[in-house]
Visitor: 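Submitted below is the structure of interest, expressed as structure tokens.
Please read these numbers as outputs of a predicted model, since none were measured by experiment. The figures here come from the full heavy-atom set of this structure, side chains too, leaving out hydrogens, waters and symmetry mates.
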Number of protein chains: 4
Amino acid sequence: MRKKGANGQESRARLLIVAANEFAKSGYHQTKISTIVSRAGLTQPSFYLYFESKEAVFKELVEKFRSELKILLEGSRLESGIDEEHVTGRLQSVLTGLFAFLGKDSDLTQIGFFIGDDAVIVKSEMVAMIEQNLKAEQRDGYFDGDLDMHIVAECLVGVIERLTSQQLLTGKRTPEDLARHVVSLFMHGISIYPAKRAT
Amino acid sequence: MRKKGANGQESRARLLIVAANEFAKSGYHQTKISTIVSRAGLTQPSFYLYFESKEAVFKELVEKFRSELKILLEGSRLESGIDEEHVTGRLQSVLTGLFAFLGKDSDLTQIGFFIGDDAVIVKSEMVAMIEQNLKAEQRDGYFDGDLDMHIVAECLVGVIERLTSQQLLTGKRTPEDLARHVVSLFMHGISIYPAKRAT
Amino acid sequence: MRKKGANGQESRARLLIVAANEFAKSGYHQTKISTIVSRAGLTQPSFYLYFESKEAVFKELVEKFRSELKILLEGSRLESGIDEEHVTGRLQSVLTGLFAFLGKDSDLTQIGFFIGDDAVIVKSEMVAMIEQNLKAEQRDGYFDGDLDMHIVAECLVGVIERLTSQQLLTGKRTPEDLARHVVSLFMHGISIYPAKRAT
Amino acid sequence: MRKKGANGQESRARLLIVAANEFAKSGYHQTKISTIVSRAGLTQPSFYLYFESKEAVFKELVEKFRSELKILLEGSRLESGIDEEHVTGRLQSVLTGLFAFLGKDSDLTQIGFFIGDDAVIVKSEMVAMIEQNLKAEQRDGYFDGDLDMHIVAECLVGVIERLTSQQLLTGKRTPEDLARHVVSLFMHGISIYPAKRAT
DNA sequence: TATGAATGAGCCTTCATTCAT
DNA sequence: TATGAATGAAGGCTCATTCAT
């Protein structure tokens with residue numbers, strides 16, 4: 001009879017899952033290898049059979065998050081839209097995709113988006129990307145030329161950040177729902193009065 | 001014979017300042033008592049002359065932030081406005097005050113707003129408060145009745161959070177500047193087209 | 001189906017060679033089984049197919065050295081010489097043989113002569129043997145009767161030890177060369193003045 | 001009542017002594033901090049109160065040996081002698097001093113002369129120094145011009161090495177005694193016949 | 001003959017905290 | 001008010017060795 005998980009890949013996978021969960025729950029430094037291996041039904045040396053070090057697993061997880069996110073974002077670059085409908089629709093779909101991605105694996109999202117020094121970088125890159133797109137649309141006349149798109153991009157990321165942690169990862173809202181609210185808010189704000197734009 | 005600066009209150013104050021800075025820089029767990037006392041020109045036992053434990057200093061700092069914030073927010077409750085001008089103006093002034101507060105002591109803000117488990121609570125409370133105010137204004141007809149003000153409040157806090165850490169604490173923007181951008185974004189969004197509200 | 005080289009004796013031999021090299025290079029404790037098997041193209045359990053333990057391989061190597069050395073030394077016992085020419089010649093040839101042996105397999109020499117607790121014993125035995133021979137020649141009148149042959153023997157071994165590690169194993173000198181120098185030094189010293197022996 | 005050794009310098013000194021003894025007895029890697037502190041009547045963290053790391057103590061000990069040895073050797077440079085008596089006497093006194101130094105603190109000698117990678121260097125430097133001196137005397141005509149003084153120096157160090165570990169550190173012989181034997185051996189060898197030098 | 005998988009035992013190092021002065 | 005000295009409790013990592021196949 002095989003020992004439980006006498007299969008390397010399976011053990012590794014289990015360790016990775018548990019590790020992600022622990023890192024997400026407690027942060028990098030508070031996570032103990034002893035807890036990880038114990039939850040994975042193994043002993044400490046086994047951990048080092050599959051990973052170089054504590055830092056290495058963490059990096060692997062961060063990298064996984066980053067690369068998946070990169071693929072998602074690159075696949076959803078906003079080309080210049082044609083009319084307002086399109087712009088809105090595109091934003092809606094991109095955000096839905098993003099929230100769907102962020103909600104898919106809550107441990108990984110926690111790690112890549114909120115824990116560790118790289119999270120700051122990830123979000124900065126996201127801001128930069130969004131800013132580029134917004135500026136393009138702004139040049140095309142869809143958005144008020146006076147807006148500081150860097151600030152807008154920062155705000156959007158702040159919103160995504162908070163909604164992800166408070167609404168998405170807690171299961172209170174769906175990606176579509178969140179995307180709809182965000183689009184609505186960012187497109188038209190909450191006032192019932194039209195903006196007094198510089199004319 | 002007293003040592004230079006061998007004044008209890010002064011030593012305590014110095015420890016508190018250094019501790020705040022270390023917590024802000026490195027987070028709770030990465031901050032070492034040895035570093036704090038060393039920077040404060042004292043030795044480890046002295047630390048325990050003024051504070052019960054590492055956790056105690058941290059809590060004291062968090063509490064300081066929370067109480068100051070509480071006073072600020074209570075002093076700036078939005079009473080029902082009278083017209084759009086007022087609503088906008090009030091929001092603008094409240095946000096300016098909030099950013100001013102958050103920018104006043106960056107170490108304390110870091111601690112109370114971003115580090116430690118209480119930060120989550122602080123922000124949730126802020127969300128709740130904002131939500132109340134928004135709902136009141138909504139009832140008064142200033143905002144679209146269909147809007148989910150809980151989500152809007154969450155978004156506002158997310159925006160405040162991010163702008164604080166990325167623009168305010170880095171010295172890139174002033175409180176007024178940030179408040180203006182936020183008000184503009186939240187009131188009217190970025191689209192040049194008016195919202196198609198349900199009629 | 002056998003794997004390439006899946007011949008027990010061959011694997012064992014490979015392990016032995018690599019082990020000798022690692023022990024020689026890094027010493028007993030710093031040598032890791034994992035390194036040995038990896039260099040031998042095998043896995044850790046295979047090691048235990050051929051050797052009881054880490055200590056066992058080491059002992060086997062030490063024993064190999066000791067037995068070979070023993071054979072060499074026993075075959076070269078100095079019988080009482082007849083005249084000075086003979087004594088000198090005999091010493092020269094014995095030393096040449098010894099250096100040749102020590103230079104033959106540098107890893108084994110390193111292990112048996114310099115590493116591990118047995119090396120001390122090996123050299124002590126060598127001292128004892130040399131001492132016997134020197135004393136015999138001394139009784140026969142070839143050497144000054146006042147000399148403490150135990151010390152002389154110790155010196156000779158010290159010289160052999162150092163020349164082996166610094167000149168022989170580094171390839172700087174040949175066995176013959178070294179033997180000649182040692183004989184010259186031990187027979188007549190370096191002074192140009194004759195010794196003032198007690199008469 | 002003071003705790004045993006509630007004096008920093010004393011604790012440090014005790015640790016250093018015990019550490020030296022352990023390193024000398026078991027070598028670097030086999031020496032355990034736990035053993036050192038336990039023998040010094042302390043606990044593990046205390047060790048790190050006085051030393052950076054295990055490696056650091058070791059280095060400190062090695063350095064102590066090296067610097068003391070350096071001072072000794074520099075103070076006893078052989079100036080060109082005047083006649084054979086002088087040369088012999090000088091050699092005798094230098095060797096006596098050296099053996100006295102090597103016998104003074106056997107643990108330190110073990111560490112600096114036999115353990116650790118630096119021991120090899122120490123001895124190489126010693127060879128170089130001796131070689132210089134011998135060559136000078138050789139140029140002055142005291143020694144046979146045909147001798148390879150590098151080899152002679154190597155032999156001398158080999159002899160010192162062995163006599164130190166086997167006779168001096170074991171308490172069997174005194175520095176003077178050993179020096180006398182070495183001088184006699186190196187000056188005139190053991191043969192009763194005079195050397196047939198090239199004429 | 002060979003290996004994939006796993007582990008018991010152990011070692012170095014760190015840090016918040018305390019005791020005696 | 002202040003500190004020199006010390007420690008309990010942990011945590012990351014390594015290595016020789018074994019089990020089941």
Side-chain angles (χ1 to χ4, degrees), chain A residues 1-12 29-35 37 41-55, chain B residues 1-3 5-12 29-37 41-55, chain C residues 1-3 5-12 29-37 41-55, chain D residues 1-12 29-35 37 41-55:
Chain A
M1 194 186 82
R2 279 178 172 248
K3 279 203 177 179
K4 184 176 67 167
N7 173 302
Q9 290 316 304
E10 198 183 308
S11 292
R12 190 181 202 281
H29 289 283
Q30 277 49 66
T31 291
K32 301 185 288 189
I33 302 289
S34 61
T35 306
V37 293
L42 292 170
T43 56
Q44 301 229 31
S46 294
F47 176 89
Y48 295 90
L49 222 52
Y50 301 108
F51 305 100
E52 279 276 313
S53 64
K54 180 182 174 181
E55 207 192 338
Chain B
M1 194 185 78
R2 282 173 174 252
K3 285 204 173 179
N7 173 297
Q9 288 317 303
E10 197 184 310
S11 292
R12 189 179 201 283
H29 288 284
Q30 276 51 67
T31 291
K32 302 190 295 189
I33 301 290
S34 61
T35 306
I36 295 175
V37 295
L42 291 170
T43 57
Q44 308 221 26
S46 294
F47 176 90
Y48 293 90
L49 222 54
Y50 300 109
F51 306 99
E52 275 281 313
S53 64
K54 180 183 176 180
E55 207 193 338
Chain C
M1 193 185 78
R2 281 172 175 251
K3 285 206 175 178
N7 173 296
Q9 289 316 302
E10 196 184 310
S11 292
R12 189 179 201 285
H29 284 100
Q30 277 50 67
T31 291
K32 302 189 296 189
I33 302 291
S34 60
T35 306
I36 296 175
V37 295
L42 290 170
T43 57
Q44 309 221 27
S46 294
F47 176 89
Y48 293 90
L49 221 54
Y50 300 109
F51 306 99
E52 275 281 313
S53 64
K54 179 182 176 180
E55 207 192 339
Chain D
M1 193 186 82
R2 280 178 171 247
K3 280 201 176 181
K4 185 176 66 168
N7 174 301
Q9 291 315 304
E10 197 182 311
S11 292
R12 189 181 202 281
H29 289 282
Q30 277 47 67
T31 291
K32 300 185 288 186
I33 302 290
S34 62
T35 306
V37 294
L42 291 169
T43 56
Q44 302 229 32
S46 293
F47 176 90
Y48 295 91
L49 221 53
Y50 302 108
F51 305 100
E52 279 275 312
S53 64
K54 180 182 175 180
E55 206 191 340

Visitor: Let me know, please, whether D:Ser46 or B:Leu42 comes out on the 5' side of the other along DNA chain F by nearest nucleotide.
Guide: B:Leu42

Visitor: Nearest 0.5 angstrom please: C:Asn7 CG to C:Arg12 CZ, how far?
Guide: 12.5 Å

Visitor: Bend across the helix from E:dA2-F:dT21 to E:dT21-F:dA2, to 10°, with axes taken over 5 pairs at each end?
Guide: 30°

Visitor: Return yes when atom CD of D:Gln30 has more than 12 non-hydrogen atoms of other residues, nucleotides or ligands closer than 6.0 Å, and no otherwise.
Guide: yes

Visitor: Does the protein touch nucleotides 12-17 of chain F at the base, only the backbone, or not at all? Give it as B, S and - per nucleotide, heavy atoms under 4.0 Å.
Guide: SBBBSB

Visitor: Give the rounded distance in Å between these two atoms: CZ of C:Phe51 and P of E:dT1.
Guide: 13 Å

Visitor: Verify the contact: side-chain N or O of D:Thr43 to OP1 or OP2 of F:dG8, cut-off strictly under 4.0 Å; return yes or no.
Guide: no

Visitor: Between C1' on F:dA2 and CD on B:Glu10, what's the gap in Å once rounded to a whole number?
Guide: 14 Å

Visitor: Under a 4.5 Å cut-off applied to non-hydrogen side-chain atoms, are A:Thr35 and A:Thr31 in contact?
Guide: no

Visitor: Can you tell me how far apart NZ (B:Lys32) and CD (B:Gln44) are? Round to the nearest 0.5 Å.
Guide: 10.0 Å

Visitor: Just how far is it from atom CD1 of C:Ile36 to atom OG of C:Ser46, taken to the nearest 0.5 Å?
Guide: 13.0 Å

Visitor: Starting at the 5' end of DNA chain E, which residue's closest nucleotide do you reach first, A:Gln9 or C:Gln9?
Guide: C:Gln9

Visitor: Without decimals, in angstroms, what is the distance between A:Leu49 CG and E:dG8 C1'?
Guide: 15 Å

Visitor: With sequence neighbours excluded, what pairs up with B:Tyr50 under the ring-ring contact (aromatic ring centres under 6.0 Å, His included) test?
Guide: none

Visitor: Report yes if a side-chain nitrogen or oxygen of C:Tyr50 is closer than 4.0 Å to either non-bridging phosphate oxygen (OP1 or OP2) of E:dA2; otherwise report no.
Guide: yes

Visitor: Which distance, rounded to the nearest 0.5 Å, do you find between the OG1 of C:Thr43 and the CG of C:Leu49?
Guide: 9.0 Å

